[in-house]
**Student:** 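Structure provided below as structure tokens; questions to follow.
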Amino acid sequence: MTGEAIEDYKSSLTDLTSNSKPLINMLTMLADDNQQYAPEIVKVVEAHILKANTSAKLPVLYLIDSIIKNIANSPYLPLFAQNIVSTFCGVFEKVDEKTRQAMFKLRQTWSDIFPNKKLYAIDVKVSQTLDPAWPITAKEPEHGVASIHVNPKFLKVVICTTNC
């Protein structure tokens, strides 16, 4: 059954050549119905976006957006997050200015969806290698030593038992 479900999804995905809300909704519902095949569906979507015509790349990003926003508590978000930087930047590199503006708007809706470090990586990569005007809106991930939080009451008990 796995092969058949994936082939059906792949076949339907080839029809996504323009920003068709009904088709994006149908593909999102198919992804929802086949969550047990999420790793395979994500691979199919990521492979498709690489080979899709330039004009069909943004609709596939919209599909990813629809899946991660509309299928709650699913495996899709962490799976798409793994390659979102290369996927997003790969599309950005190939498209025209109007599409890039739409991608900027899309990226701004992901602030509470994808991990901050992924969004920061997208912003930095686009800004440094593809479009110097792209603003870095994600916060820089914190680097450095992990902090250890100690309960002050615990310290007081330890100090009192040894020095009291």
**Student:** Using distance alone, with no hydrogens and no angle criterion, decide if Thr99 and Lys57 have a side-chain donor and acceptor under 3.5 Å apart.
**Tutor:**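 Judged by distance alone, the side chains do not pair up.
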**Student:** To the nearest 0.5 Å, tell me how far Leu30 CG sits from Leu27 CG.
**Tutor:**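 Going from CG on Leu30 over to CG on Leu27, the span is 6.0 Å.
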**Student:** Is it the case that the side chain of Asn116 and the backbone of Ala138 share a donor-acceptor pair, with hydrogens and angles ignored and the cut-off at 3.5 Å?
**Tutor:**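 No; zero donor-acceptor contacts below 3.5 Å.
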**Student:** Report whether Met29 and Val60 are members of the same hydrophobic cluster (ILVMFWY, side-chain heavy atoms less than 4.5 Å apart, transitive linking).
**Tutor:**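 Hydrophobic grouping puts Met29 apart from Val60.
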**Student:** Using modelled atom types only, decide if a donor and an acceptor are shared between the side chain of Thr129 and the backbone of Lys125 within a distance under 3.5 Å.
**Tutor:**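 Yes: the side chain of Thr129 pairs with the backbone of Lys125.
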**Student:** Do Thr137 and Tyr120 come close enough that some side-chain heavy atom pair is under 4.5 Å?
**Tutor:**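 With C-beta onward as the side chain, the pair stays apart.
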**Student:** Compute whether any side-chain donor of one residue and acceptor of the other, for Asn83 and Thr87, lie under 3.5 angstrom apart.
**Tutor:**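 Their side chains do not contain a donor-acceptor pair, so the 3.5 Å distance test is not met.
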**Student:** Check Pro39 against Leu79 and note the closest heavy-atom contact, atom names and distance.
**Tutor:**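 Pro39 and Leu79 have their closest heavy atoms at N-CD1, 3.6 Å.
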**Student:** So, Asp131 side chain and Ala133 main chain: donor-acceptor pair closer than 3.5 Å or not?
**Tutor:**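 At least one qualifying donor-acceptor pair exists.
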**Student:** In the single-linkage hydrophobic clustering (I, L, V, M, F, W, Y; side-chain heavy atoms under 4.5 Å), do Val124 and Leu130 co-cluster?
**Tutor:**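 In one cluster: no.
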**Student:** Atom OG of Ser11 and atom CD of Glu4: how far apart are they, to the nearest 0.5 Å?
**Tutor:**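 Taking OG in Ser11 and CD in Glu4, the distance rounds to 11.5 Å.
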**Student:** Who passes side-chain hydrogen bond (donor to acceptor under 3.5 Å, both in side chains) against Gln35, sequence neighbours left out?
**Tutor:**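 Result, side-chain hydrogen bond (donor to acceptor under 3.5 Å, both in side chains) vs Gln35: Asp32.
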**Student:** Output all residues satisfying side-chain hydrogen bond (donor to acceptor under 3.5 Å, both in side chains) with Gln128, sequence neighbours left out; order by chain, then residue number.
**Tutor:**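 With neighbours one apart ignored, the set is empty.
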**Student:** Drop me the distance from Ile49's CD1 to Leu61's CG, to the nearest 0.5 angstrom.
**Tutor:**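 Here the interatomic distance stands at 4.0 Å.
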**Student:** Which pair of non-hydrogen atoms, one from Leu16 and one from His48, has the smallest distance, and what is that distance?
**Tutor:**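 Closest approach of Leu16 to His48, heavy atoms only: O-NE2, 4.4 Å.
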**Student:** Please walk me through it: do Phe114 and Ile68 pass side chain to side chain contact (heavy atoms under 4.5 Å, CB included)?
**Tutor:** CA-CA 9 Å; Phe114 283 111; Ile68 62 172; 3.3 Å; yes
**Student:** Would you say Trp134 and Phe92 make side-chain contact, with heavy atoms under 4.5 Å?
**Tutor:**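 Sidechains of Phe92 and Trp134: in contact.
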**Student:** Determine the minimum heavy-atom distance between Pro59 and Ile24, stating which atoms define it.
**Tutor:**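 Here Pro59 and Ile24 meet closest at O-CD1, 3.9 Å.
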**Student:** Would you give the length of the straight line joining atom CD1 of Ile84 to atom CD1 of Ile113, rounded to the nearest 0.5 angstrom?
**Tutor:**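 Output value for this atom pair is 11.0 Å.
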**Student:** Quick one: do Lys69 and Asp65 make a salt bridge, cutoff under 4.0 Å?
**Tutor:**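 Yes.
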**Student:** Determine whether more than 12 heavy atoms belonging to other residues, nucleotides or ligands lie under 6.0 Å from atom CG of Asn73.
**Tutor:**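 Counting other residues, nucleotides and ligands, CG of Asn73 stays at 12 neighbours or fewer.
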**Student:** Just wondering, do Val91 and Leu58 contact through their side chains at under 4.5 Å, heavy atoms?
**Tutor:**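 When only atoms from C-beta onward are counted, Val91 and Leu58 do not touch, as no gap falls below 4.5 Å.
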**Student:** Measuring from atom CG of Asp123 to atom CZ of Arg107, what distance do you get when rounded to the nearest 0.5 angstrom?
**Tutor:**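 The distance works out to 4.0 Å.
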**Student:** Taking only residues at least two apart or on different chains, which pairs with a member in residues 13-23 satisfy side chain to side chain donor-acceptor pair (under 3.5 Å)?
**Tutor:**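 Those involving residues 13-23 do not exist here.
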**Student:** Using a strict cut-off of less than 4.0 Å between a Lys/Arg side-chain nitrogen and an Asp/Glu carboxylate oxygen, indicate whether Lys43 and Glu46 qualify as a salt bridge.
**Tutor:**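 Salt bridge flag = no for Glu46 with Lys43.
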**Student:** Hey, what do you get for NZ (Lys118) to CZ (Phe80), rounding to the nearest 0.5 Å?
**Tutor:**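 These two atoms lie 13.5 Å from each other.
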**Student:** Could you tell me which non-hydrogen atom of Ile122 sits nearest to which non-hydrogen atom of Cys89, and how far apart they are?
**Tutor:**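 What the structure gives for the nearest pair is O-SG, 4.3 Å.
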**Student:** Would you please indicate yes or no on a ring centroid separation below 6.0 angstrom for Trp110 and Phe88?
**Tutor:**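 They qualify: ring centres under 6.0 Å apart.
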**Student:** State which residue, out of Val42, Val45, Ile64, Thr28, fulfils the side-chain contact (heavy atoms from CB on, under 4.5 Å) condition with Tyr76.
**Tutor:**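 Of the listed residues Val42, Val45, Ile64, Thr28, the side-chain contact (heavy atoms from CB on, under 4.5 Å) partner of Tyr76 is Val42.
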